[in-house]
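Indexing begins at 1, ligand by ligand and atom by atom, following the structure's order.
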Amino acid sequence: MNDRGGHHLKQALIAGGGIGGLAAALSTSRAGWDVRLFERAPAFSEVGAGVQLGPNVVKVLHGWGLAQALEAVAAFPGRLQVRSAVSGQALGELPLGAAMVQRYGAPYVTLHRADLHELLLKAVQQTSARLHLDCPLQSFSQTTQAVTVKAGGGPEIECDALIGADGVWSTVRQQLLGDGLPRRTGHLAYRALVSQASLPDKLRTQHVTVWLGPRMHVVQYPVRSGDWLNVVAIVHGEVAADTDPWDHSANAADLAAALAGSCAALRELVDALAGWRLWALSDRAPMQGAHQQAVGRVALLGDAAHPMLPYLAQGAGMAIEDAAELGHTLAQALDPVFDVPTMLQRYALNRWQRNAQVQARASRNGQIFHADGLLRWGRDAALKVLGEKLLDMPWLYGGVSRVS
Ligand SMILES: Cc1cc2nc3c(=O)[nH]c(=O)nc-3n(C[C@H](O)[C@H](O)[C@H](O)COP(=O)(O)OP(=O)(O)OC[C@H]3O[C@@H](n4cnc5c(N)ncnc54)[C@H](O)[C@@H]3O)c2cc1C
């Protein structure tokens, strides 16, 4: 291990270069650690789809000095509206825009995932972190003194901490917790992106709209400074057993059949889009305690730790919040009075409950969003009366106050 100015320079190895891994590389590198990030893929990339970020997440990005970069690519929707997918009727509304800034100190933004990934990558490239592509982490072992990692077929690497940010099918988690594979949820996500200029006027929008129907919902919002529209349709179903559950081209006719009972306005939107991609959604039950998010010198972050259904639009958000917390605790771990396992346990303590709460709420939203019969009737009535109260979530959008 290196020495800098007589001090031991601590080394972190991050497995995975998605949104979570890059955010972790940025925060730990800025915290004064020597960081190496190993990404399995031969190039950094993100799927062609959108992502919503609540003010809790945008505040973190602003804190990292990324406000301008975000402003250049994001859209800033004015409101979130909920509509019945069956009747098209407006059910409830949450003001976003200035209202969010006023309430929570940061805006609610929607953006292309590749734009978010790119702005994080550029920020990491301005640090001393070293990025290795085509370099899958294969295995690791740890003692009280160090972690030894095998990656990309190269020689073993020793480091002070290993961060598993390697996504829902995490190799690090498999080895650390051995708690089996994520569960298939029986929900399918169809995603498509379209230039707003190519749409008829009535289908263009600068707002977030959520359409709720029995056993399905659809979310649409602007990305790329509002020039493009992202649409996600979630229905119940399974992909064929021999198909990769992750990102493959979808049959638009299957989606049209799943949305057959929807109102004309929603069907018109869906029919106007082409190039649908399909994901079979997987998740895990929330963790039971901090002891699962960090063990010794190895910690989990993002989907590796808490893969969730996207019904609260906070999976990437929690990965970014994890990364911010990791940066804070690893900065303290440079002080010789704190050892790395203790500080990683502190990171886990400060994160696991919030992640578990968000995961549980996302899963509950699935039942509410897709309700039928009496539950659907009650949901619609409650939204009409209490709309903004139900849709605003201070516990979530207010972010976290740290316990150091
Ligand atoms: C339909 C849908 C809509 C969503 N909408 C939202 C939203 O609006 N807002 C939001 O906040 N979240 C949303 N999410 C969730 C969000 O996409 C994820 O939570 C987030 O991308 C997780 O990031 P990550 O970096 O943890 O994992 P990933 O993005 O999966 O990145 C993991 C990385 O690790 C790499 N890797 C894997 N194995 C290894 C290995 N052994 N060695 C090295 N590298 C490895 C992979 O190649 C990948 O680059 C949505 C998800 C879905 C499916």
Worksheet item: Between Met308 and ligand 1, which part of the residue brings a heavy atom under 4.0 Å of the ligand: side chain, backbone, both or neither?
Response: neither
Worksheet item: Considering distance alone, does some N or O of Leu53 sit under 3.5 Å from an N or O of ligand 1?
Response: no
Practice prompt. Flag Ala304 as yes when one of its N or O atoms lies below 3.5 Å from any N or O atom of ligand 1, and as no otherwise.
Written response: no
Practice prompt. Using a strict 4.0 Å cut-off to heavy atoms of Gly18, name the atoms of ligand 1 that fall inside it.
Written response: 25 (O), 31 (O), 33 (C), 49 (O)
Practice prompt. Pull out every atom of ligand 1 sitting under 4.0 Å from any heavy atom of Arg191, numbered as shown with elements.
Written response: 1 (C), 2 (C), 3 (C), 4 (C), 52 (C)
Worksheet item: Aromatic rings His132 and Phe38: how do their planes relate, parallel, tilted or perpendicular, breaks at 30° and 60°?
Response: perpendicular
Worksheet item: Which atoms of ligand 1 are found less than 4.0 Å from any heavy atom of Ala189?
Response: 1 (C)
Response to the item:
side chain to side chain contact (heavy atoms under 4.5 Å, CB included) with Val270: of Trp276, Tyr190, Trp211, only one passes, and it is Trp276
Practice prompt. Return yes or no for this condition: an N or O of Asp303 is under 3.5 Å from an N or O of ligand 1.
Written response: yes
Worksheet item: N/O of Val51 under 3.5 Å from N/O of ligand 1, yes or no?
Response: no
Item to complete: State the atoms of ligand 1, each with its element, that fall below the 4.0 Å cut-off from a heavy-atom position in Ile19.
Response: 25 (O)
Worksheet item: For ligand 1, is Arg113 a contact, meaning one of its heavy atoms is under 4.0 Å away?
Response: yes
Item to complete: Check Gln314 against ligand 1 and report side chain, backbone, both or neither, counting heavy atoms closer than 4.0 Å.
Response: backbone
Discussion item. Could you tell me, atom by atom, which parts of ligand 1 come under 4.0 Å of a heavy atom of Gly20?
Written reply: 24 (P), 25 (O)
Discussion item. Residue-level breakdown please: for Met318 versus ligand 1, do any non-hydrogen atoms fall below 4.0 Å on the side chain, on the backbone, on both, or on neither?
Written reply: neither
Practice prompt. Could you list which atoms of ligand 1 come closer than 4.0 Å to a heavy atom of Ala165?
Written response: 32 (C), 33 (C), 34 (O)
Item to complete: Report yes or no: do Gln81 and Thr209 form a side-chain donor-acceptor pair below 3.5 Å?
Response: yes
Fill in: Salt-bridge criterion met for Arg103 and Asp392 (N-O under 4.0 Å)
yes
Worksheet entry | For ligand 1, the portion of Thr171 having any non-hydrogen atom under 4.0 Å away | side chain
Worksheet item: Using 4.0 Å as the upper bound for N to carboxylate O, is an ion pair formed by Arg79 and Glu93?
Response: yes
Discussion item. Check this for me - ligand 1, Pro310, N or O atoms closer than 3.5 angstrom, yes or no?
Written reply: no
Discussion item. For the backbone of Val147 and the side chain of Arg297, can you confirm whether one donor and one acceptor N or O come within less than 3.5 Å of each other?
Written reply: no
Worksheet item: Salt bridge check: are Asp372 and Arg215 linked by an N-O gap of less than 4.0 Å?
Response: no
Worksheet item: Hey, does Phe38 sit under 4.0 Å from ligand 1 if you only count heavy atoms?
Response: yes
Worksheet item: After noting the C-alpha distance and the side-chain angles of Arg130 and Asp34, does the key distance pass the salt bridge (charged side-chain N to carboxylate O under 4.0 Å, His left out) rule?
Response: CA-CA 8 Å; Arg130 287 167 286 166; Asp34 177 25; 3.1 Å; yes
Discussion item. For His187 and His236, take the angle between the two ring planes, folded into 0 to 90°, and tell me which bin it lands in: parallel under 30, tilted 30 to 60, perpendicular over 60.
Written reply: parallel
Discussion item. Under a 3.5 Å distance rule, please check whether Tyr221 uses its side chain to pair with a backbone N or O of Gly50 as donor and acceptor.
Written reply: yes
Fill in: Cationic N near anionic O, under 4.0 Å, Arg204 to Asp201
yes
Fill in: N or O pair under 3.5 Å between Ala313 and ligand 1
yes
Worksheet item: Does Ile234 reach ligand 1 with a nitrogen or oxygen that is under 3.5 Å from one of the ligand's nitrogen or oxygen atoms?
Response: no
Fill in: Numbering as shown, the atoms of ligand 1 that approach Gly302 to under 4.0 Å (heavy-atom distance)
26 (O)
Worksheet item: Going through the distances and angles, do Arg40 and Asp166 end up as a salt bridge (charged side-chain N to carboxylate O under 4.0 Å, His left out)?
Response: CA-CA 9 Å; Arg40 172 179 67 182; Asp166 48 347; over 6 Å; no
